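Let me begin by presenting the structure, written as structure tokens, before commenting on it.
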Amino acid sequence: MSDSAIYPQVPEKPSLDGLEEKWGNSWVSKNTYAFDKNCDKNSVYSIDTPPPTVSGSLHVGHVFSYTHTDLIARYQRMVGKKVFYPIGWDDNGLPTERRVQNYFGVRCDPSLAYISNFEPPKEPSDKQIPISRKNFVELCEKLTLEDEKVFESLFQTLGLSIDWNYTYQTIDKRARYVSQKAFLNNLNRGEAYQAEAPTLWDVTFRTAVAQAELEDRERPGAFHKIAFKKEDGSDVFIETTRPELLPSCVALVANPEDDRYKSLFGKTVTTPLFEVEVPVVAHHLADPEKGSGIAMICTFGDVTDVVWWREFNLPTRGLIGWDGKIQNDLPEWIKTDKAIEIFSKIIGKTSHTTREILVEELKKSNQLIGEPKPITHTVKFFEKGDKPLEIVTTRQWYIRNGGRDQNLRKQLLSRGDELSWHPDYMKVRYQNWVEGLNGDWLISRQRFFGVPLPIWYKLDENANPIYDQILIPKENQLPIDPQSDCPEGFSESQRNKPNGFIGDPDVMDTWATSSLTPQIAGSWGIDNKLFNTIFPMDLRPQSHEIIRTWLFSTVVRSHLEENSLPWKNTSISGWILDPDRKKMSKSKGNVVTPIDLLKEYGSDAVRYWAAMGRPGTDTAFDTGQMKIGKRLAVKILNASKFALSLNATLKKDDVKLEVDHALLNKLAQVVEASSKAFEKYDYTKALEVTESFFWFFTDDYLELVKERTYGKQGEESANSAKAALGITIHTLLKLFAPFVPFVSEEVWSWWQKDSVHLQSWPKPEEISANRNIGVENLELVTKVLAEIRKAKTEKQLSMKAEVLDLVINSNNEGIEILKKAEKDLIAAGNIKNLSYKIQTGELKLEIKLP
RNA sequence: GGGCCUAUAGCUCAGUUGGCUAGAGCGCCGCCCUUACAAGGCGGAUGUCGGGGGUUCAAGUCCCUCUGGGCCCACCA
């Protein structure tokens, strides 16, 4: 059959082995996915790729969601968009800080001076060496470089069509510049401000945390019933889970409708042990159903305390310090000798120990009524912390986010409406979050590693900071570190000196940088031409649990800075679930290493599995799907090889037979369906229609026409089939290219020039020569063929077995169609005698086998 | 306490605005070592569409309600 010299590149035995390396390297070295920054803004499709945390390791979830983005990127590139698809590495924040500390045996001390050419010890010792922030950042960059290489290699093996020329790090110079510039703009416009206020505080990390970083955890606790003395000497009982806060009690509160306590409102009571006189107030937030219906207000036990403290203008009786321990100084409100004696026992103790001591004291004085009643309640935690949060009054920096401003909140809500969500129900999470905000965005962190707040404060004649006299750098000085750089008009010798200056010691929240990924990726303020070309971006892909943080904060920054949305679309990917429907996570020990998966099944196969997960839908980890993906890839190799060996052509004018026209029309329908699905970000649908056509093509059409290509029905008929085969393979490779880029590229390279990934996405009108010929011209024929196969199977015969006699009962129309393809049918079914009977009703076959 | 998603074959999932005997793949069973492919081909069996109620000529699809699973939010003394 083969004068197969037409496609000399078609291998004898095609294989998937080594395709990832072969084509992955080729794409990088040829800059296949390079973005042309001089292109027209209207032709751009830009993607705000999530920067993965480099100090963690990549897991299957990354492979899953990054593949989704890549599917979209590849489709957009093929429909003619200039795709801006950069990636960043998130090396800013606590995880990297911890990793660098442990790896090098150092810790960051911003008060130290920078040492050039600092070399960390070869082996980290037990005692961490303190180094300057600048040195710390350098070590971070050094360490994360290694991680980034591993990540980059994995992403290349996976076949992500990222443009590696636009890579950034969230702690690099550009990110620091952008973060500081944006902050200073916020400051200029009055959107950033500092305030001394009760702040949620993590005692382990000793830093303030934001509302977006909280999570609730179930914790065991106990109700302690405690007696307070009324003015008349009788007792009133409160129930509390935190008796250790008794010294910071500033009032009791009950519901205004609660008859049990109405008589007490406006009067005072005396606290047990510490004998402080406090008022009894009425407030609707006090729940008569909880505990005894009357509660103590402390500064501060929880956020409701803050509300009451603010509304009733109560005094601040701070108790717990930054380290989570009872403050060292004797508070001025504790006066009696007995109270002072008790307080002296808890100074410097943790809240846990304090609770034990005070419970003991209360028992001794008979002011604890009965045994504590164990309960389980939810307590607020910093999501990365492992001790409950305290509330401490501190001076912090905030950015307005609508939490205190109804007007801004409305604007941000309408930004949410403006954004296209995929799937759209994810918008509700955004709305819930914005509507539930109870304060502005706290961006300062009392950490050492991160982007520093770019400000200094003037010092008075006693070297105390004057916080409302802020010194700011010029834009061309950025990025700065106020701990090592010096404000204009001052010299370094004036640092920390009377009438001198002091650098703000804090760094920004990691989200204060991440919220600027479009600006960082687009080199805002550095290459404004690039930035204007790619902004607003087209797509933000991300997962749903960070809608409240990453997505929202990015919208806030863009709204304030550009008065626009940062992107037009967001696609929210789901999670990977275990077969038992639990979220896959490291702690459960069920995480599979992605690189092993890619090795075992091949990247195309793993991508196939990922593509089966629709946007927003949690997807089961299923190696079965990967096996199917691998089978598909193998089949693409073999079917293509076969079609090409039949001397397939791309000569559309050669297509003459109706079955061939019908095949191409069926393909044109697939192109339409796939394009439509991709436009709606439904890549799964796009894959399904292509895949299902492909199996029809190999199982039915190829079987039907292969004899004809050998020329047994004449050259014109043979050429018609060859053209249909060639056009179909050519189109299928493009339709498959976003999903299985390696095998598509491999087959493309056998007979076509350049990369399949730079081809234009197929259009129905390019494929079909005559769209008037209906697909039923082919489907009826393949149906007859299927009936013949079924008959052979039932008689347990080989598919090659001869059909002695076939009588086709059909209506006129059907017989017309079948007659035109009868030579194909006779060849493919090995039919000896074929005849027709006209009848009304549906198709019926009489098959006579040996 | 408020809200969102989800429940379809043993498994993973499709099922568009309500419309013929509810589909696919895997798995299972049977057959075919057939010259592109045994990492293959052909065929077959399998469902009270989570339960209950309602609207309708017609409900997997719309409404109500209950239950299971997952998630987000909430002022949790």
Side-chain angles (χ1 to χ4, degrees), chain A residues 1 10 12-16 214 216 218-219 221 223-224 238-242 245 252-254 283-287 290-298 301-308 375-380 423 425-433 435-438 544-545 547-548 574-575 577 579-583 601-602 605 609 612-614 616-625 627-628 630-646 684-685 688 691-692 695 698-699 702-703 706 786 788-801 830:
Chain A
M1 71 184 184
V10 180
E12 268 306 304
K13 259 202 145 341
S15 157
L16 297 176
L214 305 182
D216 289 346
E218 290 280 333
R219 272 295 168 107
F223 268 130
H224 298 72
I238 61 118
E239 292 196 52
T240 180
T241 54
R242 302 201 58 189
L245 292 178
L252 295 191
V253 63
H283 196 273
H284 68 275
L285 287 181
D287 183 354
K290 276 181 193 150
S292 58
I294 186 163
M296 65 173 181
I297 304 174
C298 303
D302 60 39
V303 288
T304 323
D305 281 346
V306 179
V307 173
W308 286 324
I375 55 156
T376 307
H377 60 159
T378 52
V379 181
K380 284 197 192 306
Y425 59 76
M426 287 293 176
K427 184 165 81 178
V428 178
R429 302 208 182 190
Y430 176 90
Q431 288 168 338
N432 282 347
W433 176 251
E435 282 160 4
L437 285 170
N438 56 27
H544 48 67
E545 81 275 17
I547 289 174
R548 66 175 182 169
W575 278 338
L577 304 176
D580 69 357
R581 307 262 80 190
K582 293 283 187 303
K583 188 195 171 189
Y601 299 97
W609 160 74
M612 283 302 177
R614 291 185 145 75
T617 310
D618 293 345
T619 300
F621 179 74
D622 186 357
T623 53
Q625 285 293 320
K627 287 180 187 153
I628 299 163
K630 185 162 188 174
R631 200 185 62 151
L632 173 67
V634 169
K635 191 76 177 179
I636 291 172
L637 283 181
N638 286 315
S640 303
K641 180 199 155 189
F642 183 53
L644 295 181
S645 74
L646 300 174
T684 308
K685 183 83 185 169
E688 279 172 357
E691 191 189 8
S692 126
W695 288 106
T698 61
D699 294 347
L702 261 175
E703 291 300 325
K706 66 179 174 189
I788 294 170
R789 283 197 296 243
K790 186 173 171 179
K792 288 179 182 175
T793 298
E794 276 164 4
K795 279 203 123 183
Q796 305 200 350
L797 289 169
S798 153
M799 286 301 129
K800 262 200 146 173
N830 195 15

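Given the structure is predicted, the values throughout are model-derived calculations rather than measurements. A, B, ... follow the sequence lines: proteins, then strands. Residue 1 opens every chain.
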For [X] and [N], is the shortest distance between a side-chain N/O and OP1 or OP2 below 4.0 Å?
| X | N | result |
| --- | --- | --- |
| A:N432 | B:rA74 | no |
| A:R631 | B:rC26 | yes |
| A:H377 | B:rA77 | yes |
| A:K790 | B:rG44 | yes |
| A:K635 | B:rG41 | yes |
| A:R614 | B:rC13 | no |

Can you figure out which of [options] approaches the side chain of [X] most closely?
| X | options | answer |
| --- | --- | --- |
| A:Q796 | B:rC31, B:rA77, B:rG41 | B:rC31 |
| A:D618 | B:rA74, B:rC75, B:rG70 | B:rG70 |
| A:S798 | B:rU12, B:rC32, B:rC71 | B:rC32 |
| A:W433 | B:rC42, B:rC72, B:rA74 | B:rA74 |
| A:T698 | B:rA36, B:rC75, B:rC26 | B:rA36 |
| A:N638 | B:rA36, B:rU12, B:rC72 | B:rA36 |

- Starting at atom CZ of A:R548, determine the distance to atom C1' of B:rC72, rounded to an integer number of angstrom. 9 Å
[atom1]-based separation of [M] from [N] [nearest Å]:
| N | M | atom1 | value |
| --- | --- | --- | --- |
| B:rC11 | B:rG3 | P | 32 Å |
| B:rA9 | B:rG50 | C1' | 15 Å |
| B:rC5 | B:rU65 | P | 15 Å |

- Message: Once hydrogens and angles are ignored, does a donor-acceptor distance under 3.5 Å link the base of B:rA36 to the side chain of A:E703?
- Response: yes
- Look at the side chain of A:K800 and the base of B:rU35, then say whether one donor and one acceptor between them are separated by less than 3.5 Å. yes
Identified pairing partner of [N], criterion: Watson-Crick or G-U wobble below 3.5 Å:
| N | answer |
| --- | --- |
| B:rC4 | B:rG70 |
| B:rU34 | none |
| B:rU56 | none |
| B:rC29 | B:rG43 |
| B:rG23 | B:rC13 |

- Query: How about A:M612 and A:T619: do any of their side-chain heavy atoms sit closer than 4.5 Å?
  - Reply: no
- Item | pair A:V253-A:I294: side-chain heavy atoms closer than 4.5 Å | no
- Task: Can you sort out the partners of A:K427 under salt bridge (Lys or Arg N to Asp or Glu O under 4.0 Å), two or more places apart, ordered by chain and number?
- Result: A:D417
- Classify the nucleic acid contact of A:L285 as base, sugar-phosphate or nothing, counting any heavy atom under 4.0 Å across all strands shown. base
- Answer with yes or no after comparing the ring centroid distance for A:W609 and A:Y601 against a 6.0 Å cut-off, counting only values under it. no
- If you find the nucleotide of RNA chain B closest to A:Y425 and the one closest to A:F223, which residue's nucleotide is nearer the 5' end? A:Y425
